[in-house]
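Here the structure is laid out as structure tokens; the discussion comes afterwards.
Owing to the predicted nature of the structure, the values given are computational and were not obtained by experimental measurement. The analysis underlying the following values was restricted to heavy atoms, covering all of them including side chains, and did not include hydrogens, waters or symmetry mates. Below, chain A is the first sequence line, B the second, and so on; all start at residue 1.
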Amino acid sequence: MEIAVRALVKSYEVPVRGAGLSAALRALFHREYKTVTAVNGVSFDIAAGERVGFLGPNGAGKTTTLKCLAGLLSCTRGEVTVGGYNPSKRQEEFLKRVTLVAGQKQQLLWDLPPTDTFALNRAIYEVPAAQYRETLDALVALLKLDAVLHKPVRQLSLGERMKCELAAALLHRPKVLFLDEPTIGLDVVMQSAVRSFIKEYNEAHGATVILTSHAMDDVTALCPRVMVINRGEIVYDGSREALVERVRPGRTVKARLSAPAPAALVGALDRRGCLRAHEGATLTLEVARAELGEVLAAVLAEAAVEDLSIEEPPLDEVMAELFAKTEAP
Amino acid sequence: MSGARSFIEKWRGLLGVGVASAVAYRGEFLVWILTTNLPLIMMALWTTVAAEGPVGRFGQRGFVAYFLGALLVRFLSGSWVVWQLTWDIREGGLGPRLLKPMHPFAYYAGENLAQIPLRLLVSVPLVLALVVGVGPAALGHDYRQWLLLPVLLLGAWLVLYTAMLVVASLALFVDSALAVWELWMAVGYVLSGYLMPFELLPAPLRRVAWWLPWRVTLALPLETLLGLCSVRESLAGLALQLVWVTVFGAAALALWRRGMRRFAAFGG
């Protein structure tokens with residue numbers, strides 16, 4: 001296994017202080033702390049070359065887990081190995097094997113062109129000149145960076161910076177990519193470009209990718225496997241399809257009819273409990289997979305259909321429903 | 001790649017980008033140069049005092065040489081790492097550095113050393129002012145001290161750099177690490193020979209301060225430059241520099257290791 005995590009616990013001592021002058025004065029002499037457990041007994045394995053989405057609401061423990069895997073945080077209890085290394089020791093060979101891209105934090109040198117950061121990384125990671133040239137050329141072509149290579153980073157757009165961040169993070173050809181919100185703040189076109197690039201890199205180099213993102217499109221496009229974490233515990237680990245099937249087993253059917261839907265049809269669909277929305281000639285249904293054929297046959301028998309689509313429920317709706325279930329007392 | 005070659009490649013790359021960075025921040029550098037004017041103010045003050053007669057062995061020309069030399073030593077051996085590192089710790093810039101296969105202390109050292117070309121450039125007018133304005137007599141004449149001077153300047157930088165690392169590492173534990181550095185500077189103004197020649201300090205204070213780290217960051221290379229001390233004293237100072245670098249380096253590494261256990265990179 002490329003990554004093995006056993007009973008990982010990460011807790012923090014957080015200072016607490018009441019409001020007001022008296023609390024401030026008390027804190028001068030006696031500081032109180034409370035222990036916050038961000039990750040609580042998480043275990044999982046990830047094989048080399050897998051692409052895994054790490055999902056959860058804000059404060060669920062995703063980023064903390066990712067930092068423990070990347071070696072930025074040491075775990076309070078439990079065991080973590082990445083490529084056979086203990087990340088918290090931050091050995092040189094381990095650091096050359098991994099990379100962390102955090103959407104909101106950057107390694108690019110702000111007042112210098114990206115090429116200077118690339119050159120710095122080449123030196124620090126001791127990338128041989130020929131391999132550096134080859135990798136850089138490939139990254140520049142894939143990410144379309146020609147026009148921005150020699151501009152100071154401060155003059156680049158967010159999307160351009162993010163692409164340069166990715167290039168800087170991948171120049172040493174890491175085998176494990178930790179991506180924390182890699183598309184945050186990017187427009188739709190740029191998000192799609194970044195996703196395609198990550199997938200291509202994974203396929204070309206057999207790299208393992210772990211991604212946290214609130215953009216479910218990232219996860220849908222990239223991750224056949226998802227892990228869902230909530231309140232520091234893993235509440236789901238398996239395929240994305242199986243998660244959708246478990247939480248929302250139905251399919252969303254959208255039908256546009258040539259005329260307003262007959263009342264009898266609407267009534268029948270409503271009685272079956274699958275009618276989600278009805279507006280004139282447009283019907284939105286949510287149908288269990290086993291009943292899909294039967295319901296479609298009934299619609300086609302009662303009305304002329306101009307357009308029809310059958311979709312998985314959107315992942316963000318699935319996640320919202322899953323979190324609502326796990327939050328419920 | 002062999003160990004030595006890999007080391008050279010690594011540092012060549014680091015220094016190359018460091019020089020580019022120093023050039024990019026030349027504006028800030030210039031402001032630093034222009035605002036480092038305390039030795040000039042002290043020069044004006046002490047030359048006025050010396051108008052009525054020499055103070056110790058310093059006449060007016062002696063004070064001019066001393067404070068121009070103080071500026072020169074400061075430009076060549078100064079470091080900003082305490083501000084850089086505490087800023088990175090507080091603002092989250094340290095996380096990306098920790099993920100690089102290079103210790104942050106080495107990384108910042110490279111960044112600092114890369115400023116040398118720019119520092120040498122601004123030092124030229126000062127050297128000219130010393131030689132032309134004050135006269136070559138104001139400088140030391142023993143070639144052994146000239147050979148020792150670059151080593152002592154490097155030593156002064158190292159003492160300052162490692163002391164700054166100790167203080168900056170405190171930022172992993174407390175919010176106000178920079179206040180400790182303010183204290184270091186306040187004491188250092190007096191005990192390093194920055195406000196007055198070290199030898200003009202009251203004798204009891206001078207005897208204690210001789211062993212403390214401040215003198216070897218400024219007065220030692222300065223007195224060597226001006227030939228105000230013997231070769232033997234310069235060598236003794238070099239030995240003391242080594243002691244302080246070892247002490248501060250070990251303390252910084254120990255604090256860093258402890259601090260890293262507590263460190264929550266860019267928020268938990």
Would you say that more than 12 heavy atoms from the other residues, nucleotides or ligands in this model lie under 6.0 Å from the CH2 of Trp87(B), or not?
no

**Request:** Decide yes or no for Leu99(B) and Leu72(A): does some side-chain heavy atom of the first lie under 4.5 Å from some side-chain heavy atom of the second?
**Result:** yes

Leu109(A) and Val17(B) have their tightest heavy-atom pair at CD1-CG1, 3.5 Å

Between Ala123(A) and Leu14(B), the two heavy atoms sitting closest are CB-N, 4.1 Å

The reported gap from CD in Glu9(B) to CD in Glu126(A) (rounded to nearest 0.5 angstrom) is 9.0 Å

From the list Asp111(A), Thr99(A), Val36(A), the residue making the most non-hydrogen contacts under 4.5 Å with chain B is Asp111(A)

Value for CZ (Arg90(A)) from CE (Met260(B)), rounded to nearest 0.5 Å, stands at 6.0 Å

Might you confirm whether atom CD of Glu79(A) has over 12 heavy atoms from other residues, nucleotides or ligands at distances under 6.0 Å?
-> no

Worksheet entry | Within 6.0 angstrom of Arg154(A) CZ, more than 12 heavy atoms from elsewhere | yes

* Taking side chain as C-beta onward, heavy atoms only, is Pro101(B) less than 4.5 Å from Ile124(A)? -> yes

* Asked: Does a side-chain heavy-atom distance below 4.5 Å link Leu95(A) with Met102(B)?
  -> no

